[in-house]
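Single-structure report; data block below.
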Amino acid sequence: NGKWTLTAIKNGETSERTVNVTQFDVYYVELSFATIYGISRNITSSSPAWARTDNAVGMTATASVGASAGHSDFDNAMPWKGIVRETLSTGDVMVKIPKFWYRRFRSGNVEYIKIADKPTAGFSVHPLFNHAGKECDHAYIGAYKTSSNNKSVSGASPQVSQTRAQFRSNAKSKGAGWSLIDIAALSAVQMLMQVEFADNNVQSKIGRGYCDNNHGALSTGSCNNVANLTGRPAGTDGKTGVVYRGIEDFWGNVWEWVDGVNWNNGSYYVCNNPANYADDTATNYTALSYKGATNWNSSYITEEGLDSGNNPHVMLPAAAGSGSESTYMCDGCWSSTGWRVFQRGGSWAYGSFCGLFTAVLDGSSSISAADIGSRLLY
């Protein structure tokens, strides 16, 4: 009788489980190791496609269109199968994302992105789940663009015409743990989507989004009936919303302010402590090891940088100008000199410039506009 600890070791990984034995009997104990899903791509290649690696080899994913449901092998894999919509006590409809571990690195010109469902050697908890050094088991991203009264709800007009600082203040006023979507949350969604669809051109894989020659914002909830909450409704591609695992209009409709990133004369500064988010400053921020140009203007991104320090999760433009809507990163960017704030995703009339990596770094902190909104993070 007593407690027995069973240990298994495989390829340098250890799995342990303690069993309380109370009588002579047969006990069944499952010892599991981390499952890793990965992708790789030569960053000098103009093709936006990634090759699948590790346990992702052979897996496929397709998006839904109207009544035609897509299919994803990742529905049975963590963390994807744990991504669900939940309505919080505040009435906000949010998308719950379970904690995951990641690696992003390069070997020569080949970049690797790997996601693990458990702790494993060489992997780190994604910073979305470790804000200010406080680790959590899950995070919530707004299912919808933020609407009036700082809500994430269906059937509302997206809130626009506020500065990033105003959106930040309004989000924080909801209480402890609330903020704007930030660079850590953006990175997490980017990685999850890239590994699942193995392609930078999400407009071709999931839907263009509400982006082609439209003349105003869509109300939230246009994708509520999309099967599996990944894909787009029936209708003309570019004239409908788009949704990824419950997160609606992550590109298109209205731009999104993103916190935790400041730009100054080509240098990126990032922060992962929401208490320290502020505009036009490097205080409490860390400079990334790569820079961008200050003259991007409707330029297609050719490379996302990889920080050699403590922020390898951050994917922001490092090179642009020679790409297109179907090559490299497939999305557009804009930049300027001086202190600037970060907006992303594209809006109702930006067409093929919209997407997962679309970045605007030419707006001052005083800017607000009828096509710039945001998204909540909790």
Side-chain angles (χ1 to χ4, degrees), residues 127-128 131 141-142 145-146 150 158-173 178-187 189-190 250-288 290-299 301 304-305 307 311 313-318 320 331-347 350 353-377:
L128 171 60
H131 279 113
I141 292 176
K145 305 282 190 182
T146 303
N150 302 313
Q159 176 70 62
V160 294
S161 299
Q162 293 184 350
T163 65
R164 184 172 74 165
Q166 288 174 309
F167 272 109
R168 176 190 303 128
S169 177
N170 290 339
K172 292 175 71 173
S173 73
W178 288 93
S179 66
L180 289 188
I181 187 171
D182 63 12
I183 188 63
L186 171 60
S187 162
V189 177
Q190 287 172 327
F250 205 58
W251 55 92
N253 203 7
V254 299
W255 295 92
E256 294 181 8
W257 289 124
V258 176
D259 232 334
V261 179
N262 290 327
W263 161 278
N264 187 27
N265 292 324
S267 293
Y268 294 104
Y269 298 90
V270 300
C271 176
N272 196 43
N273 184 348
N276 294 330
Y277 291 165
D279 301 337
D280 306 337
T281 184
T283 303
N284 296 315
Y285 281 65
T286 300
L288 296 183
Y290 59 90
K291 296 185 177 183
T294 58
N295 62 347
W296 292 327
N297 183 17
S298 300
S299 305
I301 305 166
E304 297 286 287
D307 182 59
N311 294 288
H313 65 291
V314 174
M315 290 181 272
L316 291 166
D331 300 331
C333 64
W334 295 255
S335 66
S336 187
T337 56
W339 284 107
R340 305 289 167 171
V341 286
F342 178 47
Q343 68 188 68
R344 61 153 303 275
S347 67
Y350 274 74
F353 289 116
C354 298
L356 188 59
F357 301 97
T358 302
V360 171
L361 300 152
D362 68 355
S364 71
S365 59
S366 64
I367 288 291
S368 63
D371 64 346
I372 306 176
S374 195
R375 189 179 300 269
L376 290 168
L377 175 65

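Just so we're clear, the structure is a prediction, and the values are computed from it rather than from any experiment.
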Hey, does [Y] have a side-chain heavy atom less than 4.5 Å from the side chain of [X]?
X      : Y      : result
Leu377 : Ile141 : yes
Leu316 : Ile183 : yes
Phe357 : Pro317 : no
Ser179 : Asp259 : no
Leu288 : Val270 : yes
Arg344 : Phe250 : yes
Val160 : Val254 : yes

### Query
Tyr268 and ring-ring contact (aromatic ring centres under 6.0 Å, His included): which partner among Tyr290, Phe342, Tyr285?
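Testing Tyr268 for a ring-ring contact (aromatic ring centres under 6.0 Å, His included) against Tyr290, Phe342, Tyr285 leaves exactly one candidate, Tyr290.
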Would you name the heavy atoms of [X] and [Y] that are closest together and state the gap between them?
X      : Y      : value
Pro158 : Asn253 : CG-ND2, 4.1 Å
Gly345 : Cys354 : O-CB, 3.5 Å
Asn264 : Gly338 : OD1-C, 3.1 Å
Asn262 : Trp339 : CB-CZ3, 4.0 Å
Ala171 : Leu376 : CB-CD2, 3.8 Å
Ser347 : Asp371 : OG-OD2, 3.3 Å

Look at the side chain of [X] and the backbone N and O of [Y], then say whether any donor-acceptor pair between them is shorter than 3.5 Å.
X      : Y      : value
Ser335 : Trp296 : yes
Arg164 : Val258 : yes
Thr358 : Phe353 : yes
Asp182 : Asn272 : no
Trp263 : Ser336 : yes

### Task
Decide yes or no on side chain to side chain contact (heavy atoms under 4.5 Å, CB included) for Ile367 and Ile372, but give the supporting numbers first.
CA-CA 9 Å; Ile367 288 291; Ile372 306 176; 4.2 Å; yes
What is the distance from atom [atom1] of [X] to atom [atom2] of [Y], rounded to the nearest 0.5 Å?
X      : Y      : atom1 : atom2 : answer
Thr146 : Glu256 : OG1   : CD    : 8.0 Å
Thr283 : Asn276 : OG1   : CG    : 9.5 Å
Arg340 : Asp280 : CZ    : CG    : 9.0 Å
Ile181 : Trp257 : CD1   : CH2   : 14.5 Å
Ser374 : Gln166 : OG    : CD    : 12.0 Å

Is it true that the side chains of [X] and [Y] contain a donor and an acceptor less than 3.5 Å apart?
X      : Y      : answer
Asn170 : Gln162 : yes
Ser299 : Trp334 : no
Ser365 : Asp279 : no

### Message
Less than 6.0 angstrom separating the ring centers of Tyr350 and Trp251, yes or no?
### Response
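That pair fails the under 6.0 Å test.
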